[in-house]
Each structure stands twice: as C-alpha cells, then as structure tokens.
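The structure appears right after this line, and notes come after that.
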Amino acid sequence: MHPSSVRVRFAPSPTGYLHVGGVRTALFNWLYARKTGGKFVLRIEDTDIERNKEEATQIIIDGLKWCGLDWDEGPDVGGPYGPYYQSQRMGRYREVGEQLVKSGRAYWAKKESGGPPPEWRIEKLKKEGKWDEDWARAAADPNPALYLKPDLKGRSEMAFDDAVKGRIAKPAATWMEEDGKTARDFVIMRGNGMPVYNFACVVDDVDMKISHAIRGDDHVENTFRQLFVYEALDHKPPVFAHLPMIFNEEGKKISKRRDPVAITLYQNCGLLPEAFVNFEALLGWSPGDEREMMPLQEITKEFSLDRIKASPAQFALKRKRPPPVPAGGATTDPAIEAQIVEWLAECLVGSKLEWLNGEYMKKLSLDELLARVAPFLAKCGYDLSDKAPGWLKAVLALGQERTKTLKQLAEKCSLFFKAPETLDPKAVEKFLKKNDGLALLKEVRGILARVAEWSAPALEQALQSFSEQKQRKFGDVAQPIRVAVVGVAASPPIHDTLYLLGQRETLRRIDAALAAVS
RNA sequence: GUCCCUGUCGUCUAGUGGCCUAGGACAGGGGCCUUUCAAGCCCCCAACCCGGGUUCGAAUCCCGGCAGGGACGCCA
C-alpha cells in the first residue's frame with residue numbers, strides 16, 4: 001500500500017480550555033487520518049493571545065490525550081513542517097506577504113476612512129463586549145496593513161465543493177464595492193505586522209501540505225477568503241469538509257458564555273473518555289446501521305467523510321435549573337468549577353451521554369474501574385489506604401451496575417465508608433415503625449451477632465431462614481435492616497451490604513439505629 | 001441589513017424514488033423479575049416544517065414559502 005497523501009490538522013487557539021466542539025473537530029480529523037493512513041497534525045493558532053500560552057497549549061494537549069487522540073506532528077512532538085506554533089512562524093508569513101506584494105497580488109496601505117461600521121455590527125460588538133477592544137485598537141492603528149486583491153475578473157460567483165455539504169456558492173458581488181465592479185480588498189496582515197487568521201491559516205496549510213481541511217461549519221465564510229489567498233499563491237486548495245454546528249438545547253451554537261463546553265467539566269463529572277468520544281462521534285456521524293456503542297477503533301474502521309450529516313446536532317442536556325454563575329465554560333477557580341460540575345452532573349442524568357457512559361462502565365474490569373474511580377473516591381474524602389483491594393473491588397462491583405458515572409459510583413460507595421448521619425424519616429416510618437419492624441430488627445440483631453460465618457451466602461441463608469421461621473416475607477426482615485444500616489430504603493442486596501460492612505460495623509449501626517428510633 | 005447553510009419522534013439518528021402502516025437508541029409511560037435500588041427482558045407513546053409540482057409511485061427529485069442557525073473585523 002502506498003503511503004497516504006492525506007494530511008489533516010486540528011488548529012485550536014490556546015484559550016485556556018478545550019471545548020466540546022473542538023474535541024469533535026479534532027476527533028473527525030483524527031478519524032480521517034487514521035482511516036486513510038494519513039497524518040494528523042496539531043497546530044497552535046496563537047497569533048493573538050499573549051498570556052499563558054504554554055499553559056493553555058498544555059491544556060489542549062492534555063484534553064486531546066484524555067480523549068485518546070494522538071498526533072503525528074505538533075508542538076510537543078515536532079515534525080518536518082514545523083514549527084507548529086503560529087507565533088513562531090511570523091517570519092514565514094512576512095515572507096509570503098512580501099512575495100504577494102512582488103507578484104502584485106497584495107499591497108500595503110493605510111486604513112481607508114470608510115466611515116463608522118454599520119449599525120448591526122456595532123450592536124453585535126457591543127453585545128459581545130468587544131467594541132472597545134479589538135475594533136477600536138485596530139481602528140487606531142496608524143500603520144499600513146497588507147491588503148490582498150481578490151481576483152474576481154469574469155466571475156459571477158465563487159464556489160467550492162464541500163465534502164459534507166456539497167457545492168457551496170456565493171455571488172461574486174459579495175466581495176465587491178457598491179458599484180458591483182471593484183473588488184473589495186481585505187487585510188491579510190495587520191498594521192503591527194501580525195498575520196490575520198485567514199492568511200496565516202492558508203500559509204500554514206500550504207506549508208504543512210494539508211490535504212483536507214476538516215473544521216467547523218462557522219468557517220464556511222472564511223473559506224471563500226482563503227480561496228482567494230490560495231489563488232494569489234497559485235496553490236491548489238485542500239478539500240474542505242465543514243462539520244455541522246453543535247447546538248445547545250435552545251438551538252443555538254454552544255458557547256462558553258452559557259453552556260458547559262470545557263471538557264474538563266465532563267472529566268470531573270466522572271465520564272469515561274471512551275464514552276465521551278463515542279458520543280461526540282455520533283453527533284453528526286453514524287455508521288449507517290444500528291450500532292450506538294462503538295469504541296474508537298471500531299469507529300475508525302467505519303469512518304468516512306460522506307457519512308457526516310450536514311445538519312446541526314444538539315448536545316442535549318437536561319437542565320433542571322439554570323447554571324450557577326458564571327455559566328458553564330472554562331474557569332480557573334476550583335470552587336466555581338466545582339459548582340458547575342455539580343450542576344452539569346445533574347443535567348447529565350437521563351441523557352444519552354450518561355447512558356452510554358454507564359454502558360462503558362459496565363464493561364470495565366474491576367481493576368480498571370478501581371483505577372478510574374480512585375481519584376473520585378479521594379475527592380469524596382475516603383481513605384483507601386487501609387482498605388484491602390479485594391474489598392474495594394467488591395464494593396465497586398455492587399456500584400458498577402447501579403451507577404452511570406464515576407462520580408456517582410464514588411458517591412454511591414459512601415455507605416461503606418461512613419455510617420449514615422441521619423435516618424430517612426419516611427423510611428423509618430414505613431419500615432421500622434410499622435409491621436413490627438423494630439421488633440424484627442432487634443431479633444435479627446441477635447442472630448447477626450451470633451452468626452457463625454460472616455459471608456454473603458451465609459448471611460443470606462441466615463436471614464432467609466429467619467424470615468421463614470417468622471413466617472414473614474423476606475422484605476419484612478430485610479427492609480428494617482437496610483434502613484438501620486444505610487439510612488434509606490434502597491441499597492444493594494442486603495446480604496452483600498452487610499457482608500462488606502463487616503459484622504462489627506453492622507451491629508454498631510443497628511444499635512445506633514435502635515437507639516435513635518426507640 | 002446582506003449572504004450562506006440546515007429542516008425525520010422531545011433528543012441523537014437510519015433512510016439517497018417502491019423494501020416505510022418510516023427503523024434503532026436515549027428520555028417518558030406501563031409490565032415481568034425481585035428483599036429495596038439497580039440491571040435485564042417485554043410492551044406502549046412519539047416524527048418526515050408547509051404548499052405546489054415531477055412520477056404509476058416521494059421523507060427521498062424540482063420550485064416556492066416558512067422556520068431555525070451561521071457568517072459578514074487589522075478575533076480565531
């Protein structure tokens with residue numbers, strides 16, 4: 001087999017977090033590279049961000065790794081077409097800029113006094129709080145900027161074939177002045193000598209021999225401008241594939257303003273990366289049959305660009321209450337992050353993502369499960385150091401079927417780590433105060449104190465024969481114990497629960513309950 | 001405002017002119033099992049945005065509406 005000429009890239013800007021949309025873009029690029037035997041490149045688009053670049057890049061790298069994605073070339077691993085930070089490629093952009101000046105496709109000029117921006121734009125900028133920043137800054141820049149002249153001669157429209165959406169065309173007039181004849185030139189390098197996104201992106205994609213640009217739908221408009229740059233450079237553009245947007249439950253593009261987009265949030269909710277990635281892959285792509293649960297490897301086998309949907313998908317959460325302020329994006333404040341995580345965990349309940357995660361959790365071996373859940377147990381404050389691994393795994397085995405996230409699992413284990421602080425009054429009423437509950441519990445306590453062998457089967461046997469002897473339903477015996485021992489009316493099977501609690505702790509809790517209720 | 005894109009159950013989707021009284025999954029409702037909670041199994045509810053064409057036949061093709069979204073920076 002010939003080495004594939006497919007080269008794709010994920011080019012995030014280091015904003016301090018990796019968001020769910022970015023993960024999907026990265027994922028689809030990765031899938032296409034792995035499917036075709038091509039190369040996957042990571043490039044950091046940091047032309048406009050000054051602060052914490054290193055740290056922010058690391059966050060992206062960590063996030064991608066968590067998702068199980070790897071790259072063949074990138075800032076950390078290097079590669080033949082580096083550097084992979086745009087901030088380190090400035091010389092190259094200037095070089096290409098000069099080249100365009102020489103070939104007559106671009107020119108330096110001062111900002112034309114085009115008057116103030118239109119009303120609708122001012123409104124938008126103000127709404128986003130950007131009116132004072134970038135816009136004003138740029139307007140104030142006295143230095144000449146580099147303008148590219150789009151080639152519109154003899155053209156009525158510009159078009160390209162998108163691998164997802166098919167042919168996309170726009171009338172040439174879009175890039176013309178009011179007169180409908182003169183092309184409207186656009187800036188490719190700022191007055192301060194920094195390249196503009198649409199320019200840097202093309203220069204890099206050319207240099208890095210990118211064959212397919214797989215990116216978000218919101219770049220469709222950029223594509224046309226980039227096409228002009230490719231033309232000016234006399235270079236064949238890559239195949240473009242625009243992924244549909246990811247919407248929130250309001251049908252709007254997810255945003256860090258109000259949606260939980262940082263993937264660390266999902267990590268901290270106790271989601272497994274394999275489930276998260278599986279879920280994201282299914283947002284806009286499907287294998288064409290009825291498979292839902294597909295590990296990355298299996299998706300890779302089936303992946304193709306032409307099975308990507310053109311319509312947007314909702315990343316549906318079930319919001320029961322509004323997000324705590326500041327809403328759901330990235331934050332560096334652990335206390336706020338914790339609040340958002342709590343909120344997100346609630347929103348996840350009943351979602352397909354949660355269900356899928358539960359499915360993956362059930363497939364995990366107990367050893368794996370233990371390794372994954374350990375950080376969450378630690379976060380709950382449970383001391384694992386004096387616990388036997390066998391015991392821990394037995395506890396997890398009980399939780400594995402009953403929970404859908406690692407966070408839930410850790411929290412569900414609490415009954416084995418600490419006695420209930422209070423007994424649920426409703427449960428007490430129903431199972432202890434009625435139906436001879438207390439009396440039965442007292443008797444059972446005696447039996448449990450004298451049981452010969454403290455094992456799950458022996459306990460089950462003992463309780464079973466006790467209920468038979470009393471001519472009661474098993475539940476009449478089990479429920480009072482359950483309430484006494486865990487404080488609520490629900491738990492894993494009673495014999496398993498008691499066994500793992502141990503005899504001493506079981507008796508201690510029953511005594512405490514008897515004292516509290518009598 | 002201009003341009004572009006999209007429109008199948010509440011949600012993710014299958015569907016590329018007849019296999020469609022539209023399939024699967026999540027959620028919801030009900031049942032079985034059962035010591036509770038889960039899990040598992042079974043059943044139910046639930047959609048082709050609207051209107052015109054084309055065709056023997058349309059969710060699928062065409063046109064027109066409507067609705068939603070996106071983009072329009074010396075942000076990326």
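It should be emphasised that the depicted structure is a prediction, and the values quoted were computed from it without experimental measurement. Residue numbering restarts at 1 for every chain, and letters A, B, ... go by the order of the sequence lines.
- With a 4.5 Å cut-off on side-chain heavy atoms, Tyr360(A) and Asn278(A) count as touching.
- For Lys309(A), the listed nucleotide lying nearest its side chain is A14(B); candidates were C74(B), A14(B), A25(B).
- Remark: side-chain polar atoms of Gln408(A) are paired, donor with acceptor, to backbone N or O of Lys404(A) under 3.5 angstrom.
- Contacts of Ser311(A) with the nucleic acid, taken as non-hydrogen atoms under 4.0 Å apart, involve only primed sugar atoms and P, OP1 or OP2.
- The six-membered or imidazole ring of Phe315(A) lies near that of Tyr266(A), with a centre-to-centre distance under 6.0 Å.
- For the pair Arg225(A) and Phe186(A), the cation-pi test (distance below 6.0 Å, angle within 45°) is passed.
- Nearest nucleotide to the side chain of Glu359(A), out of U13(B), G40(B), C4(B): G40(B).
- Look at Lys253(A) and you'll find a side-chain N or O under 4.0 angstrom from OP1 or OP2 of A71(B).
- The CH2-P distance, from Trp285(A) to G24(B), rounds to 20 Å in whole Å.
- Heavy atoms of Glu401(A) sit under 4.0 angstrom from at least one base atom.
- Side-chain proximity of Pro171(A) to A76(B), G15(B), C3(B): nearest is C3(B).
- On the C1' atoms, U54(B) is 11 Å away from C63(B), given to the nearest whole Å.
- Checking C12(B), C5(B), G40(B) against the side-chain heavy atoms of Ala313(A) singles out C12(B) as nearest.
- For His219(A), counting side-chain heavy atoms from C-beta on, the closest listed nucleotide (A76(B), A38(B), C74(B)) is A76(B).
- You'll find that the side chain of Gln86(A) is closest to A76(B), out of G69(B), U6(B), A76(B).
- Using a cutoff of 4.0 Å between basic side-chain nitrogens and carboxylate oxygens, Glu249(A) and Lys318(A) are not scored as salt-bridged.
- We find that Asp204(A) and Arg9(A) are not joined by a salt bridge, their nearest charged nitrogen and carboxylate oxygen being 4.0 Å or further apart.
- A donor-acceptor pair under 3.5 Å is absent between the side-chain atoms of Glu460(A) and the main chain of Asp496(A), judged by distance alone.
- Within 4.0 Å of Ala490(A), counting heavy atoms only, lies at least one base atom of the nucleic acid.
- Using a 4.0 Å cut-off, no side-chain N or O of Lys352(A) falls inside it from OP1 or OP2 of A25(B).
- Going from atom CZ of Arg24(A) over to atom CG of Leu282(A) covers 11.5 Å, rounded to the nearest 0.5 Å.
- Residue contacts shown for Phe247(A) are limited to sugar-phosphate atoms, with no base heavy atom under 4.0 Å away.
- Taking only side-chain nitrogens and oxygens, Lys170(A) never comes nearer than 4.0 Å to OP1 or OP2 of C5(B).
- In this model, the phosphate group of A76(B) is approached by a side-chain N or O of Thr47(A) to a distance below 4.0 Å at OP1 or OP2.
- Near RNA chain B, meaning a heavy atom under 4.0 Å away, the residues from residues 472-485 of chain A are Phe474(A), Gly475(A), Ala478(A), Gln479(A), Arg482(A).
- Residue Lys362(A) places at least one side-chain N or O under 4.0 Å from the OP1 or OP2 atom of G40(B).
- Taking every side-chain heavy atom of Glu45(A) into account, A76(B) is the closest of C26(B), C4(B), A76(B).
- For the pair Arg184(A) and G73(B), the criterion of a side-chain N or O lying under 4.0 Å from OP1 or OP2 is not met.
- Between the CE atom of Met245(A) and the C1' atom of C12(B) there is a distance of 17 Å, given to the nearest Å.
- Distance from the side chain of Ala310(A) is smallest to U6(B) among C74(B), U6(B), G70(B).
- Applying side chain to side chain contact (heavy atoms under 4.5 Å, CB included) to Phe28(A) and the options Val164(A), Ile308(A), Leu305(A) leaves one that passes, Ile308(A).
- If you check distances only, the side chain of Asp46(A) never reaches the base of A76(B) with a donor-acceptor pair under 3.5 Å.
- Among C4(B), A76(B), U36(B), the nucleotide with an atom closest to any side-chain atom of Ile168(A) is C4(B).
- Listed candidates were C26(B), C74(B), C37(B). Nearest to the side chain of Trp355(A) is C26(B).
- A close approach under 4.0 Å does occur between a side-chain nitrogen or oxygen of Ser286(A) and OP1 or OP2 of A14(B).
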